[in-house]
Amino acid sequence: MRAPLRWIAAGVGVFVALVVAPFGCDGPGNSGKSAPDPDLVKSVPWLNGVLPALDGNGDAVVPMTAEYPPIAFGLPDPGSQRTDCSALAGLEFSKGWFDDFEPDDPTDAGRTGVARGWASYDDLSQYAFHTPGDATWYPGVAGTFDAAWGLPAVKMPGPKCDTKPNDWALHFRGGQFRKWGGGISHAFTDPDGWYRSSDRDGPCRPQDDFCPPPLAADAKVDTAGLPTKAANGDLYKQPHDFFDVSAYDGIAFWARRGPEGFDRALVILTDKFTSSRLARENQKYCRRVRECHTRCLSGSPCAPDDPTSATPIYRCFDPKQGLPKIAIDSQLDQMYPRCGASACTSPQTYLDQDFDNKACRPYTYGADGESGEFCWNPGDPPPAGRDDRCQDGWESSVPLTLDWQFFALPFSMFEQVGFGKRAPYMDLKSLDTLAFGAVMGWSDVYFDNVTLYRRK
């Protein structure tokens, strides 16, 4: 099952370790057990199925800035050799949403480019990695950008078709994915409040012509037909805002790949019919499903974070070493995942009323043989099957080369894949999320100047 949309150069020594022996054999006589290269664990502390390395003080080792370990044979990236700007002729782009990943103050050399509201993910293949992590996780990046959260960009020459600076790009590298892949995703309105003060309320800036109109105080449904309150009558715990892109023709962006990354990128959009995010606490157009894991992929114990607490959180860590203090919830959950009795809980910063505190229980679908652990209690309807499930978003794909290429994908080029509920049409008045996905194998791809476009 493809994962729901949610939610770093090394030296010669690391290269040799990754290429010749990405996993070392433990003990004399080759026990058959494998472990990833220690330098890789330090570069990517959230390596799948591995606990982070600890320093002499018992703190988790986290790189100061985002690192991108080599993949495959570690070939050097020659960079883009040419840029063809001819495809931009006759197009105009959104002035309100244009992700160029440049620093908020390009004149300040101490500022860092950031992809505001973007997140990375992967399929949890054992020993696979994805980078970068959230910008807030890296100590050396703190205070160098103006965003609540997002992915750090990399400083590198981007495609230039005018006089504006273009010195930063969004880089995703990872693998080796052996299930369905990984990628980066962006809910258009994240972080909450960046283009209007509150969820579906208040005016937008004049340039934000993708902003649905404010709702009347007594409105029962919004402009997409979604209920304005949760099924129990309470206010939603999380925002349900979206873009109305009906004034535009499609999605535009620049992309290129590294020398050993897969040569295509998936481009995925979700709307009111397909979005798990918009279905939270109402599930009007599709049903949500949440996978969970009672056991730890790392093989570590599933232990309470505070044995003295009446309501501890169970996480994957070694109680003998202790649980390092990590202030950022998302970083803690990534490095020390929730498990056991806490597998279906979420942090206070992101409550999920549909699944929080449900039991993590196994379930097997009869028709296609899919099985796993899901959040559902005895007496609940079973986890949503393919014909009812959210997240079968609208998908297209683009070819990638070593050179920067410009893509303008009309919405008419997108179609569902077939692993979720079939939607009657793509609703351009309720576009929710954009993702760039990678399939199985290695991924090494760069993106820049992501926006909406229309023909003049």
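Sequential numbering from 1 along the given sequence is applied to the chain's residues.
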Could you walk me through whether Arg288 and Asp352 pass the salt bridge (charged side-chain N to carboxylate O under 4.0 Å, His left out) check?
-> CA-CA 11 Å; Arg288 304 179 66 209; Asp352 190 339; 2.9 Å; yes
Check step by step if salt bridge (charged side-chain N to carboxylate O under 4.0 Å, His left out) holds for Lys229 and Asp234.
-> CA-CA 6 Å; Lys229 292 184 178 180; Asp234 293 342; over 6 Å; no
Does the pair Leu269 and Phe414 meet the rule for a side chain to side chain contact (heavy atoms under 4.5 Å, CB included), with working shown?
-> CA-CA 8 Å; Leu269 298 167; Phe414 291 79; 3.9 Å; yes
Take Arg116 and Leu151 through the test side chain to side chain contact (heavy atoms under 4.5 Å, CB included) and record every step on the way to the result.
-> CA-CA 7 Å; Arg116 181 194 304 264; Leu151 296 179; over 6 Å; no
Walk me through it: do Gln126 and Arg178 pass the test side chain to side chain contact (heavy atoms under 4.5 Å, CB included)?
-> CA-CA 9 Å; Gln126 183 94 29; Arg178 295 180 295 277; 3.8 Å; yes
Could you give me the CA-CA distance, side-chain angles and deciding distance for Ser397 and Leu266, then say whether side chain to side chain contact (heavy atoms under 4.5 Å, CB included) is met?
-> CA-CA 4 Å; Ser397 68; Leu266 304 178; 4.1 Å; yes
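The SG atoms of Cys344 and Cys375 are placed within less than 2.5 angstrom of each other. If you check the gamma sulfurs of Cys161 and Cys85, they are less than 2.5 Å from each other. Less than 2.5 Å separates the SG atom of Cys296 from that of Cys316.
Side chain of Asp444 to backbone of Gly261: no donor-acceptor contact under 3.5 angstrom is found. Under the 3.5 Å distance criterion, the side-chain polar atoms of Ser94 are left unmatched by any main-chain donor or acceptor of Phe98. A distance-only check finds a donor-acceptor pair linking the side chain of Thr228 to the backbone of Ala219 [under 3.5 Å]. A donor-acceptor distance shorter than 3.5 angstrom exists from the side chain of Ser80 to the backbone of Trp404, with no hydrogens or angles considered. The closest donor-acceptor contact from the side chain of Ser275 to the backbone of Leu278 lies under 3.5 Å. For the pair Arg111 (side chain) and Asp108 (backbone), a donor-acceptor distance under 3.5 Å is absent. No donor-acceptor pair under 3.5 Å is formed between the side chain of Thr345 and the backbone N or O of Asn357. A distance-only check finds a donor-acceptor pair linking the side chain of Gln416 to the backbone of Ala423 [under 3.5 Å]. A donor-acceptor distance shorter than 3.5 angstrom exists from the side chain of Glu373 to the backbone of Thr294, with no hydrogens or angles considered. A donor-acceptor pair is defined here as one N or O able to donate and one able to accept, closer than 3.5 Å; such a pair exists between the side chain of Asp249 and the backbone of Arg455.
Side-chain contact between Gln176 and Ile71 is absent, with no heavy atoms from C-beta onward closer than 4.5 Å. The closest side-chain heavy-atom distance from Arg256 to Asp77 is below 4.5 Å. Side-chain contact check for Phe406 versus Pro159: every heavy-atom pair is 4.5 Å or farther apart. Contact of the Pro410 side chain with the Tyr453 side chain is registered, since non-hydrogen atoms from C-beta on lie closer than 4.5 Å. Between Met335 and Pro324, every side-chain heavy-atom pair lies at or beyond the 4.5 Å cut-off. Arg277 has its side chain out of reach of Thr270: every pair of non-hydrogen atoms, C-beta onward, lies at least 4.5 Å apart. Proximity of Met156 to Asp167: side-chain heavy atoms (C-beta onward) are nowhere separated by under 4.5 Å. Using a 4.5 Å cut-off on side-chain heavy atoms (C-beta onward), Leu351 and Asp356 make contact.
Applying the side-chain hydrogen bond (donor to acceptor under 3.5 Å, both in side chains) test to every pair with at least one member in residues 202-214, sequence neighbours left out, gives these pairs: Arg205-Asp208, Asp209-Tyr248, Asp209-Arg454.
The distance from atom CG of Leu170 to atom CD1 of Ile184, rounded to the nearest 0.5 Å, is 4.0 Å. The line from CZ of Phe447 to CG of Leu400 is 6.5 Å long, rounded to the nearest 0.5 Å. Separating the OG1 atom in Thr189 from the NE2 atom in His186 is a distance of 8.0 Å, to the nearest 0.5 Å. For the atom pair Met426 CE and Phe411 CZ, the distance stands at 7.0 Å (nearest 0.5 Å).
For Phe253 and Phe407, the ring centers are positioned less than 6.0 Å apart. Note: Trp118 and Trp149 fail the aromatic proximity criterion, with ring centroids not under 6.0 Å apart. Taking the six-membered ring where the residue is Trp, the centroids of Phe172 and Phe436 are separated by 6.0 Å or more. If you look at Trp168 and Phe101, their ring centroids are not closer than 6.0 Å. Residues Trp376 and Tyr363 bring their aromatic ring centres within 6.0 Å. For Trp442 and Phe262, the ring centers sit 6.0 Å or farther from each other.
Applying the salt bridge (charged side-chain N to carboxylate O under 4.0 Å, His left out) rule to Asp388 yields no partners; only residues at least two apart in sequence or on another chain are considered.
Surrounding CZ of Arg295 are at most 12 heavy atoms belonging to other residues, nucleotides or ligands under 6.0 Å away. The environment of Lys179 atom NZ is dense: over 12 non-hydrogen atoms of other residues, nucleotides or ligands sit within 6.0 angstrom. More than 12 heavy atoms of other residues, nucleotides or ligands lie within 6.0 Å of NZ in Lys284, so this atom counts as buried by the packing criterion.
With respect to Tyr425, the ring-ring contact (aromatic ring centres under 6.0 Å, His included) criterion is satisfied by exactly one of Trp394, Tyr285, Phe273: Phe273. Checked options Tyr336, Phe129, Trp137, Tyr127; the residue passing with Trp46 is Trp137 (criterion: ring-ring contact (aromatic ring centres under 6.0 Å, His included)).
Figure legend: Arg389 and Tyr365 shown as a cation-pi pair, the cationic atom lying under 6.0 angstrom from the six-membered ring centre and within 45 degrees of its axis.
Side-chain atoms of Asp333 and Ser330 form no donor-acceptor pair, as typed in the model, at a separation below 3.5 Å.
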